[in-house]
Amino acid sequence: MIWTPAHVVAYKRREEAMSLERVKEFVSHYPDLEIVLFDKSTHTADLAAQALGVAPAQIAKTLVFLADGQPVLVVTCGDKKINTKKLAKELEVRKIRFADAKTVEDATGFLPGGVSPIGLISDIPLYLDQSLWDFDTVYAAAGTANSALPVRPDRLCEITGAKIIDVCC
């Protein structure tokens with residue numbers, strides 16, 4: 001089959017719908033959490049911040065790295081950059097690199113731009129950067145490029161079992 005642009009759009013819509021349902025299922029066990037949906041894309045921290053009326057720093061971006069070839073997730077503030085040397089030292093690995101789009105989707109079940117720290121399709125080590133605690137509430141992606149999950153950092157840590165690290169520069 002030859003993939004046309006229409007096929008790609010249909011595939012992405014179907015994948016995002018399934019991703020959002022996984023996150024909704026996870027959230028259904030926590031009555032204090034509620035997903036926010038938007039009419040437009042929020043696939044970057046800046047776009048999400050504009051849609052929510054908050055600073056980009058308050059967006060909890062979920063990044064997928066390969067640590068010695070194994071996927072790991074790091075959630076940090078939307079205005080921060082990960083220091084990969086600090087991350088490698090924290091994880092006690094030799095090599096850290098960003099995962100490509102296919103690896104992101106294969107490891108998490110989410111398309112880039114909508115990677116959520118909850119509702120993952122596999123058990124991946126999850127780390128929360130301490131910068132998230134600069135805010136009472138942060139906004140994580142909820143499985144699509146037009147959704148967000150407002151959550152307190154302590155609550156996110158509690159429901160995900162994530163480890164807190166300090167890896168931003």
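Grouping the Ile, Leu, Val, Met, Phe, Trp and Tyr side chains by contacts below 4.5 angstrom, directly or via other members, places W133 with L126. Hydrophobic clustering of Ile, Leu, Val, Met, Phe, Trp and Tyr side chains at less than 4.5 Å, counting indirect connections, unites V74 with V93. Under a hydrophobic-cluster definition in which Ile, Leu, Val, Met, Phe, Trp and Tyr are linked whenever side-chain heavy atoms come within less than 4.5 Å, directly or via other members, V151 and I118 are assigned to the same cluster. L47 and L111 sit in two unconnected hydrophobic clusters of ILVMFWY residues. Membership requires side-chain heavy atoms under 4.5 Å apart, directly or through other members. Cluster membership check: Y139 does not share its hydrophobic cluster with L20, using side-chain heavy-atom separations under 4.5 Å among Ile, Leu, Val, Met, Phe, Trp and Tyr.
With values rounded to the nearest 0.5 angstrom, I82 atom CD1 is found 7.0 Å from F98 atom CZ. Atoms CD and CG, on E105 and D100 in that order, are 10.5 Å from each other to the nearest 0.5 Å. How far NZ of K61 is from NE2 of H43: 13.0 Å, rounded to the nearest 0.5 Å. To the nearest 0.5 Å, the span separating CZ on R97 from CG on L66 amounts to 4.5 Å. From T144, atom OG1 reaches atom CZ of F38 across 9.0 Å, with rounding to the nearest 0.5 Å. If you take OG on S131 and CG on D79, they are separated by 7.5 Å, rounding to the nearest 0.5 Å.
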Side chain to side chain contact (heavy atoms under 4.5 Å, CB included) assessment of T108 paired with L73: CA-CA 9 Å; T108 67; L73 272 64; 4.0 Å; yes
Checking side chain to side chain contact (heavy atoms under 4.5 Å, CB included) for the pair F110/V104: CA distance, chi angles, key distance, verdict? CA-CA 7 Å; F110 299 118; V104 169; 5.6 Å; no
Test log, rule side chain to side chain contact (heavy atoms under 4.5 Å, CB included), inputs I165 and Q130: CA-CA 6 Å; I165 57 176; Q130 70 177 17; over 6 Å; no
Should V27 and L149 be marked as a side chain to side chain contact (heavy atoms under 4.5 Å, CB included) after you check the CA-CA gap, both sets of side-chain angles, and the distance that decides it? CA-CA 9 Å; V27 168; L149 177 68; 4.1 Å; yes
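Nearest approach of D46 to P56, heavy atoms of both residues: OD1-CG, 3.3 Å. When all heavy atoms of K80 and C168 are compared, the closest pair comes out as CB-SG, 3.5 Å. Nearest heavy atom pair, residue T160 against residue P117, reads CG2-O, 3.8 Å. Across every non-hydrogen atom of P71 and P125, the tightest pair is O-CD, 3.6 Å. Taking all atoms of both residues into account, the shortest heavy-atom contact from A107 to I121 is O-CG1, 3.8 Å.
Under the 4.5 Å side-chain criterion, counting only non-hydrogen atoms from C-beta, F65 is in contact with L87. L33 has its side chain out of reach of F26: every pair of non-hydrogen atoms, C-beta onward, lies at least 4.5 Å apart. Between I59 and L52, the closest side-chain pair of non-hydrogen atoms falls below 4.5 Å. Side-chain contact between Y127 and L91 is present, with heavy atoms from C-beta onward closer than 4.5 Å.
Side-chain N or O atoms of T103 include none that pairs as donor or acceptor with a backbone N or O of A99 at under 3.5 Å. Using modelled atom types, one side-chain atom of S116 and one backbone atom of A141 make a donor-acceptor pair closer than 3.5 Å. Checking side-chain atoms of N83 against main-chain N and O of V167 turns up no donor-acceptor pair under 3.5 Å. A donor-acceptor contact shorter than 3.5 Å links the side chain of S19 to the backbone of G109. Under a 3.5 Å cut-off, the side chain of T76 and the backbone N or O of D129 do not form any donor-acceptor pair. At distances below 3.5 Å, not a single donor-acceptor pair connects side-chain atoms of S147 with backbone N or O atoms of L37. Not a single donor-acceptor pair under 3.5 Å links the side chain of Q58 to the backbone N or O of A49. Looking at S122, its side chain never comes within 3.5 Å of a backbone N or O of I124 through a donor-acceptor pair. A distance-only check finds no donor-acceptor pair linking the side chain of R155 to the backbone of D32 [under 3.5 Å]. Between the side chain of R152 and the backbone N or O of D136, no donor-acceptor pair lies under 3.5 Å.
More than 12 heavy atoms of other residues, nucleotides or ligands sit less than 6.0 Å from atom CD of E158.
Residues meeting the salt bridge (charged side-chain N to carboxylate O under 4.0 Å, His left out) test with D166, sequence neighbours left out: K86.
Here the rule is side-chain contact (heavy atoms from CB on, under 4.5 Å) with V75, and of V115, V138, L63, L128 only L128 fits it.
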